[in-house]
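Letters A, B, ... mirror the listed sequences (proteins, then strands); counts begin at 1.
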Amino acid sequence: MKRLIQFELRKLFSRRLTQAAILVLLLFSLLSNLSLYQGRYAYDGDSQEGWGRKAVEIDKAVAKKYEGILTDKTVARMMEDFKIDEEKDLRGANAIYVYENATQSAAFLRFAASDGSWNGKSVFEVFGQEKIKIGFIDGWMSVSQNLIRISLLLAVVVILMTAPVYCGEYAGVDALIFTSRYGRTLCPAAKAAAGLLAAFTVTAGTVLLNLGLGFCLYGTEGLDCSILFHTVEYAERGVPFNLTCRTLLAYQVLLAFTGTVSTAAVTLFVSVLSKNPLTALAISGGLYFLPIVVSVAESHPLFRYVVLLPVYHAQFCSLMSVEQMKNGLLYAMWALPFAVLLTLACTGLSLSGWRRHGLF
Amino acid sequence: MELQTIGLTKKFGPKTAVDHLDITLTGGVYGLLGANGAGKTTLMRLLGGLMTPTSGKIVWNGRNIRQLGEHYSQLLGYLPQQFGYYPEFTALDFLLYLAALKGLEEGVARKRCRELLEAVGLSRESRHKIKTFSGGMKQRLGIAQAMLNGPRILILDEPTAGLDPRERVRFRSLISAFARERIVILSTHIVSDVEVIADQILMMKGGQIVECGSLGQVLEKMQGRVWECPAPAGQAQELAAALHTGSLRNTPDGIAALRVIADASPMPGAVRVPPNLEDLYLCYFNTDGGHSEPIPRLEQTGLREKKGARMR
């Protein structure tokens, strides 16, 4: 079985299209992270401003001053320090956007009135009983946001890679396989295992690259800070829970794996039923993006079920939004067992479909 | 060792590809001959377990092959008419993969693969990617994979297609050596291959076996019915169309030699010659009605022999 899986993996990774797709995925990850990094702008409200590395240094320095659990005292200090000086700041511009992605922006977003002065709210009024640890979270938030984008591309690569697993053999090798001893037994199992393993490996590689880039570009600062003190820029603003960046990323990575592995399983099933890899690719791609194309509103009751499908594992913020709760249990929690069930069911159906192939 | 088909029938909609076939195969090489659409490939796919029969069954040593399942596959070597391959795999990798599917231990598989690559003349190209292979090389690789597990039943559908004469001779020797204590079923349009290596000839038409026996036995009924007729080259085509002609050979001196199948001398100057398998094949498949149709004499065709035309 091990040898068969090795051969199936070689088949998968030796295809030029697969190699090109993986290369594009990794390059996209690299360029996307670097362009976000280079495009960062920071202004310390006083004398310093800069782009890219300089911006990160400025943002880190500002965040360092207020690092720790957010208290009313910290808020007062921040509001005093960040006060808009009409001489220096752009007249009429919203402070949230003047400061872009930094601590200032997060503070203004929650504690400032429209003229930039303190809105009078306490930490309790904004965050309730939650203990909010603040710090430089912007770097890791941008890594997380980037992962959302990359996860969609990752799914496409996985579909591209696994679509020919079964139907690629129908071009003439199937007769050789089916007349061999393990052609209808171990072979389909090895194919399924290789397909899922390949999806897992590519996901792991992509995730490692992105997290690695995160460490290189932003360091470890902010990993233990709350995502609730984010700026307006991020999709994660829909997540209402007091998670640290580390927990958020861990859950996001977990959902990236469940999303791609279950996508691979669905594609394998489609592959067994399709006549050729192109058909399998088109159908699998269509099925994957269907929930987005059909666009069920988040408030619609059906969305709670649609949201469990693999495409929403990539768009994990939707899974973790407060609308997706029932009896205190987040629908995101259902996504994991659902992905496991979907993977098992589709894999089982693939094996069964392959065993019956051609026997008419 | 006995492979038997009992009332084997395969239908595709209204078309019957294999029609109530009852044959028993024991050791040796069986040459399966038939025109396109005669049902050869369907029969081979049925014997290979790639299709389920509409009715009837295939029995190996008294047991239905459906019940034997994996055990039957272990006995089987199969080369389809057209097979796919993995372009990025080398010849050795391709064989090793199929050896793994056939359940061969890795060490045994490596040894066997090298032996077979040597036997089919691909040992020097064993590390070359298959996408660089010619059609003949791919075909030889296909033959090697079919023999990997030392099968008791070897099914070869058009194995010599694409092979040059030297490769065909090599293939014949390989099969002859391999066929001891095994059943080899060989389907081909190349009649000479069957003539040389088949112990038994099976001629298939309309999904049924119409001739079965050794070469001598199947040619028996053709004895005295094959004629070589001299004709002026200018008239040869017309004569060939009018008579039941097997082959036509033009000589440099303007005289053509027609190989005609007829119950009686088809024209003056015709010389009776010993029949060969090609004559029998053409007798069945040259016309729709086959040999049962009355074979015309020259006088009935309205053509006349040109004076002076003689066989050389």
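Under a cut-off of 6.0 angstrom, the local environment of CZ in A/Phe28 is crowded, with over 12 non-hydrogen atoms contributed by other residues, nucleotides or ligands. Atom CD of A/Gln19 has more than 12 heavy atoms from other residues, nucleotides or ligands within 6.0 Å. The environment of NZ in B/Lys131 is crowded: more than 12 heavy-atom neighbours from other residues, nucleotides or ligands sit within 6.0 Å.
The line from OG of B/Ser73 to OH of A/Tyr182 is 11.0 Å long, rounded to the nearest 0.5 Å. For the atom pair CG (B/Leu101) and CZ (A/Phe178), the distance works out to 10.5 Å, reported to the nearest 0.5 Å. Interatomic distance, B/Leu98 CG to A/Ile177 CD1, rounded to the nearest 0.5 Å: 7.0 Å. Summarising the geometry, atom OG1 belonging to A/Thr179 is positioned 8.0 Å from atom CD1 belonging to B/Ile155; distances are rounded to the nearest 0.5 Å. For the atom pair CZ of A/Phe7 and CZ of B/Phe94, the computed distance is 11.0 Å after rounding to the nearest 0.5 Å.
Side-chain polar atoms of B/Tyr97 and A/Lys11 form a donor-acceptor pair below 3.5 angstrom.
With a threshold of 4.5 angstrom between heavy atoms, B/Glu106 approaches chain A through its backbone and through its side chain. Using a 4.5 Å cut-off between heavy atoms, B/Leu104 contacts chain A through its backbone alone, with no side-chain atom that close. Using a 4.5 Å cut-off between heavy atoms, B/Glu70 touches chain A through backbone and side chain atoms alike. With a 4.5 angstrom heavy-atom cutoff, A/Gln6 does not touch chain B via any of its atoms.
Of the listed residues (A/Ala190, A/Cys187, A/Ala175), the greatest number of heavy-atom pairs within a distance under 4.5 Å of chain B belongs to A/Ala175. Chain B forms the most heavy-atom pairs under 4.5 Å with one residue out of A/Met1, A/Arg10, A/Glu8, and that residue is A/Arg10. Interface summary for chain A: among B/Gln145, B/Gln74, B/His71, the most heavy-atom pairs under 4.5 angstrom belong to B/Gln74.
Nearest heavy-atom pair across A/Ser14 and B/Phe89 is OG-CE1, 4.4 Å. The heavy-atom pair separating B/Leu96 from A/Arg3 by the smallest distance is O-NH2, 4.0 Å. For B/Tyr86 against A/Val173, the heavy-atom pair with the smallest separation is OH-CG1, 3.2 Å. When every heavy atom of B/Gly49 is checked against every heavy atom of A/Arg184, the shortest pair comes out as O-NH2, 4.0 Å. Minimum heavy-atom separation, B/Gly84 to A/Leu176: O-CD1, 4.3 Å.
At a threshold of 4.5 Å between non-hydrogen side-chain atoms, the residues A/Arg181 and B/Asn149 do not count as touching.
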